[in-house]
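To start, the structure itself, in structure tokens.
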Amino acid sequence: MTKNRISDKASQFTESVIREMTRLAIQHGAINLSQGFPDFAAPQVLKQAAADAVFADINQYAITWGAKKFRDALAAKTKRFLGLEIDPEREVTVCCGSTEGMIDVLLAVINPGDEVIVFEPFYENYGPDAIISGATPRFVQLRRPGWTFDEAELEAAFNNNTKAIIINTPNNPTGKVFTREELEVIARLCRKWDVLAITDEIYEHIIYDGTTHVSPITLDGMRERTIVVNGMSKTFSVTGWRVGYIIAPPTITGAIRKMHDFMTVGAPAPLQEAGAVAMALPDSYYVELATHYQARRDRLLAMLRRAGFDALVPKGAYYIMCDVGSFLESGGFANDIEFCRFLVKDVGVAAVPGSSFFREPSAGRDLIRFTFCKKESTLAAAEERLSRLSNVLPGAASGSRVGI
Ligand SMILES: Cc1ncc(COP(=O)(O)O)c(C=O)c1O
């Protein structure tokens with residue numbers, strides 16, 4: 001008799017499509033506008049603080065739920081930006097990136113049969129997160145062009161089995177920033193059905209056009225039912241540091257800390273020291289961050305449009321979704337995946353197939369996502385390649401391949 005060596009859970013999801021696109025980009029020497037990691041330097045002051053911490057021999061386990069200095073700094077920053085007093089001793093857990101944070105939270109609150117509402121398109125990790133934690137996801141559509149949801153559809157998704165709703169604002173992949181009014185609707189339903197709001201706010205400071213980020217935890221009656229998942233990756237351009245954090249009411253924090261402790265013990269100790277420095281950066285840091293990204297957003301928008309893409313304007317985060325329906329039709333591509341493979345191999349630019357953000361791949365078959373968290377030279381190289389797209393599309397008159 002042979003036994004199945006792979007668990008049912010592991011068999012239910014595939015590897016990350018986004019990371020696969022990064023690998024293909026390397027293989028084909030393409031400009032990688034797929035995975036959301038900056039290719040420019042992290043702030044000098046943070047690198048110095050991390051190096052100083054290593055040399056000061058802060059090289060052993062930190063307190064499992066986070067170095068005190070970092071938790072205190074997180075509480076101070078939360079007070080500064082959200083006007084909220086949180087107790088760093090009982091309401092904060094530091095973890096290995098918000099990726100660990102999300103799974104810790106779900107493992108801490110989900111029982112078999114519990115439903116979790118997820119807006120679709122969704123950040124691809126939420127699918128496997130639901131499977132790993134045993135949650136049953138209930139999807140609610142965000143619809144183009146504004147990525148709005150239908151209140152009645154959302155209301156219908158809530159029931160007695162609903163344990164939580166995941167809200168990612170600013171949103172990956174759509175760039176949507178949930179408005180206060182939309183969040184009030186969600187909050188009303190959370191209160192009515194006694195549901196937890198798990199909010200992924202990793203792009204909280206990356207917002208454009210004067211848009212404001214509203215954290216659901218600040219809304220009436222939400223303080224005791226909101227779990228904020230956040231991290232240093234995006235705000236401080238240090239995706240490889242793997243430092244994230246969770247803010248939750250004390251009882252839930254107790255459960256989260258147990259999951260975290262036995263999963264990873266703790267986040268990197270010297271980098272938490274640097275995290276404390278990061279949290280104390282002045283307001284101007286955040287203004288510059290948003291200004292820097294808005295210029296890159298406008299740059300990528302312009303070049304995509306020049307290359308013939310139907311690009312949707314994001315209000316936050318650092319991605320641009322494009323409707324590629326017309327390219328599929330004119331180039332004879334079956335779907336987004338085929339088109340992305342063509343882009344990476346024949347044009348030399350990597351993007352993410354939109355279907356990876358949907359439960360039913362067909363729902364995203366005419367979408368692809370580009371990121372603009374890249375330095376000017378990277379964007380310029382992508383621009384040069386994209387400008388030749390129309391010449392290399394199957395059926396184009398010249399038909400010459402771009403040299404990559
Ligand atoms: C919405 C969202 N949440 C979480 C993450 C992962 O963040 P971290 O590096 O903190 O694990 C990402 C990364 O792309 C993201 O887009």
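Since this is a predicted model, take the numbers as computed values, not measurements. All ligand and atom numbering here is 1-based and tracks the order in the structure.
Under the salt bridge (Lys or Arg N to Asp or Glu O under 4.0 Å) criterion, Lys234 pairs with no residue, sequence neighbours left out. Glu201 pairs by the salt bridge (Lys or Arg N to Asp or Glu O under 4.0 Å) definition with nothing, not counting sequence neighbours. In this structure, Arg365 has no salt bridge (Lys or Arg N to Asp or Glu O under 4.0 Å) partners at least two apart in sequence or on a different chain.
Checked for salt-bridge contact, Arg299 and Glu383 meet the test: a charged N lies under 4.0 Å from a carboxylate O.
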Distances only, to 0.1 Å: what are the N or O pairs between ligand 1 and the protein that fall under 3.5 Å?
residue	atom	partner	partner atom	Å
ligand 1	3 (N)	Asp200	OD1	3.4
ligand 1	3 (N)	Asp200	OD2	2.6
ligand 1	7 (O)	Ser98	OG	3.0
ligand 1	9 (O)	Ser233	OG	2.6
ligand 1	9 (O)	Arg242	NH1	2.7
ligand 1	10 (O)	Ser98	N	2.7
ligand 1	10 (O)	Ser98	OG	2.9
ligand 1	10 (O)	Ser233	OG	3.4
ligand 1	11 (O)	Ser98	N	3.3
ligand 1	11 (O)	Thr99	N	2.9
ligand 1	11 (O)	Thr99	OG1	2.5
ligand 1	11 (O)	Arg242	NH2	2.7
ligand 1	14 (O)	Tyr203	OH	3.4
ligand 1	14 (O)	Lys234	NZ	2.7
ligand 1	16 (O)	Asn172	ND2	2.7
ligand 1	16 (O)	Tyr203	OH	2.6

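How far NE2 of His28 is from CZ of Arg23: 11.5 Å, rounded to the nearest 0.5 Å.
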Output, in order, the C-alpha distance, side-chain angles, deciding distance and verdict of salt bridge (charged side-chain N to carboxylate O under 4.0 Å, His left out) for Glu376 and Arg296. CA-CA 8 Å; Glu376 170 50 32; Arg296 279 174 164 67; 5.9 Å; no
